[in-house]
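Every chain is numbered from 1 and lettered A, B, ... according to where its sequence line falls, protein lines coming before strand lines. Computed over heavy atoms, backbone and side chain alike; hydrogens, waters and symmetry mates excluded.
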Number of protein chains: 2
Amino acid sequence: MGLGKNYEGQDCSLARSLELLGERWTLLIVRDALYGVRRYGDFLAHLGIPRAVLSQRLSALVDAEVMERRRYQESPPREEYVLTGKGRELWPPVLALAHWGERHMSDAGPRRVFRHVPCDAPIGAGATCSACGAYVPVEEVEVRPGPGADLTREDPVSVALRGPRRMLEPLP
Amino acid sequence: MGLGKNYEGQDCSLARSLELLGERWTLLIVRDALYGVRRYGDFLAHLGIPRAVLSQRLSALVDAEVMERRRYQESPPREEYVLTGKGRELWPPVLALAHWGERHMSDAGPRRVFRHVPCDAPIGAGATCSACGAYVPVEEVEVRPGPGADLTREDPVSVALRGPRRMLEPLP
DNA sequence: ACGCGTCGGTTCGATGACTGAACTAAGATG
DNA sequence: CATCTTAGTTCAGTCATCGAACCGACGCGT
């Protein structure tokens, strides 16, 4: 966008959220992070985002305490970006938007299917389990490709998403 | 943003949604429409958005069949923008984002409180009623100001939101 | 020791989007 | 007839994004 600053007049928590999350690419970065992506290069390859924009967005997410930047090895120094609790709680809005897109913007059937691991039951909109009815945190979710998925992409993230995967689990 | 077009590489329904909804201002327009705002001038005054951007966004929402443009009086000709069914189903993602903002981006307590009218019970994240447990469509929701609300703004929309209001109900 | 590759960035010019103010059009109101 | 309201469009300036190139720290092979 040019989203960042200008929603001050809005007396609304949605506007507060969008000051951070409404900028171009930001929610897609969060989505990838929910899938378990942590490294700069993996975000870059999967999103096809300009490097400068990725850097700026990751910094903004870290400043907002949605992600945490940490060094996962010294020598050579390597950084990774991991969702905080605040960030993991973005799972319901992300799911709700994806669900809406699935029903109204997609022609080929669902691209991803989410299951509640303890119940082995599908998850509906609202992030509730269709079996136990409870709110399902990301930690208990598994993704697998749906009938509309594109299985031809070759970047590390797309490859990892071809099989069933626990959400948040780091890529190999 | 400059959001619109560029998410084609993404194999994801979230990206499809964001091509439309991720542009600056768009979700705030939808939020106002859920509150019952229908007229160009009301959107303009409540959002403080540049006129050209408002026109462009409303057109995009109409093209996407999220809103419908219709003439509510001849002579002088006047247009209004009303959510379609597809648009009203944006209520869960909007609520989820607002809820997240309320918990993580707001200091002053909730600004708006939503109740399920038949049950007279509060609505939680996930757009489910805390009493009957069912999914609550916007049509059955009432908004009222919460403790964090700003009651000093004087535009027609802000004034209408000072009292309890049925969602979607047109402004006077 | 040298050159090459990888990872995580920063810098830069060109392009495109957003902003705010001014202007237009069609009719109502006094 | 002049003025006001509503719903826009047009335009110049500013700001964000894009894509390509560059940089620095280090590992690895020879």
Side-chain angles (χ1 to χ4, degrees), chain A residues 1-10 18-20 22-29 32 37-62 67-82 155-157 170-172, chain B residues 1-10 18-20 22-29 32 37-62 67-82 155-157 170-172:
Chain A
M1 311 189 177
L3 253 191
K5 315 87 233 290
N6 261 32
Y7 287 155
E8 296 101 12
Q10 300 299 318
L18 292 176
E19 286 177 11
L20 173 67
E23 297 199 87
R24 186 139 152 75
W25 299 110
T26 303
L27 269 180
L28 294 180
I29 293 170
D32 276 11
V37 178
R38 297 181 168 199
R39 288 197 299 275
Y40 187 90
D42 287 336
F43 286 111
L44 201 64
H46 189 233
L47 294 171
I49 179 179
R51 310 177 78 95
V53 178
L54 179 58
S55 300
Q56 193 268 312
R57 294 299 188 273
L58 288 171
S59 301
L61 288 167
V62 169
M67 292 184 128
E68 190 190 349
R69 181 183 200 251
R70 62 181 181 218
R71 182 154 291 188
Y72 67 92
Q73 65 175 39
E74 311 285 338
S75 178
R78 292 285 181 262
E79 313 293 336
E80 65 180 0
Y81 296 86
V82 190
D155 62 281
V157 180
L171 264 62
Chain B
M1 310 186 169
L3 255 191
K5 313 89 233 292
N6 261 32
Y7 288 155
E8 296 100 11
Q10 301 299 319
L18 291 176
E19 286 177 12
L20 173 68
E23 297 198 86
R24 185 139 153 75
W25 298 111
T26 302
L27 270 180
L28 294 180
I29 293 170
D32 276 12
V37 178
R38 297 181 168 199
R39 288 196 299 275
Y40 188 90
D42 288 336
F43 286 111
L44 201 65
H46 189 231
L47 294 171
I49 179 179
R51 309 175 82 92
V53 178
L54 179 58
S55 301
Q56 193 268 313
R57 295 299 188 274
L58 288 171
S59 301
L61 288 167
V62 168
M67 292 184 127
E68 190 190 349
R69 182 184 199 249
R70 64 182 181 216
R71 182 154 293 188
Y72 67 93
Q73 66 176 39
E74 311 285 337
S75 177
R78 292 287 181 261
E79 312 294 337
E80 65 179 2
Y81 296 87
V82 190
D155 63 281
V157 180
L171 263 60

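Going from atom CZ of A:Arg24 over to atom P of C:dT15 covers 18 Å, rounded to whole Å. Atom pair B:Leu44:CG and D:dG8:P shows a separation of 11 Å (rounding to whole Å applied). Taking atom CD on B:Glu74 and atom P on C:dA25, their separation rounds to 21 Å, with Å as the unit. In this entry the distance linking CD of B:Gln73 with P of C:dA26 reads 16 Å, nearest Å. In this structure, A:Leu47 atom CG and D:dG19 atom C1' are separated by 16 Å, rounded to whole Å. Between B:Ile49 atom CD1 and C:dA17 atom C1' there is a gap of 13 Å when expressed in whole angstrom units. Spacing between atom OH of A:Tyr7 and atom C1' of C:dC18 amounts to 11 Å, rounded to whole angstrom units. Between the CZ atom of B:Phe43 and the C1' atom of D:dG8 there is a distance of 15 Å, given to the nearest Å.
Evaluation of the side chain to side chain donor-acceptor pair (under 3.5 Å) rule for B:Glu79 yields B:Arg71 as partners, not counting sequence neighbours. For A:Arg51, there are no side chain to side chain donor-acceptor pair (under 3.5 Å) partners at least two apart in sequence or on another chain. Considering only residues two or more places apart in sequence or on other chains, B:Ser55 meets the side chain to side chain donor-acceptor pair (under 3.5 Å) condition with B:Tyr40. With sequence neighbours left out, the side chain to side chain donor-acceptor pair (under 3.5 Å) criterion links B:Gln56 to no other residue. Annotation: side chain to side chain contact (heavy atoms under 4.5 Å, CB included) contacts of A:Val53 (sequence neighbours excluded): A:Trp25, A:Ile49, A:Pro50, A:Arg57.
Counting non-hydrogen atoms under 4.0 angstrom, A:Val53 reaches the backbone sugars and phosphates but no base.
Phosphate contact (OP1/OP2 of D:dA16, side-chain N/O of A:Trp25, threshold under 4.0 Å): absent. Look at A:Ser75 and you'll find a side-chain N or O under 4.0 angstrom from OP1 or OP2 of D:dG27.
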Report the C-alpha separation of B:Arg38 and B:Tyr81 in whole Å, then their side-chain angles, then the decisive distance to 0.1 Å, and conclude whether the side-chain hydrogen bond (donor to acceptor under 3.5 Å, both in side chains) test is met.
CA-CA 5 Å; B:Arg38 297 181 168 199; B:Tyr81 296 87; over 6 Å; no

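With distances taken from any side-chain atom of B:Pro50 to the nucleotides D:dC26, C:dT19, D:dT17, the minimum falls on C:dT19.
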Protein-proximity profile, nucleotides 4-14 of chain C, B/S/- by nucleotide at the 4.0 Å heavy-atom cutoff, equals --BBBBBB---

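Side-chain contact between A:Ile29 and A:Leu54: present, with at least one pair of heavy atoms (C-beta onward) separated by less than 4.5 Å.
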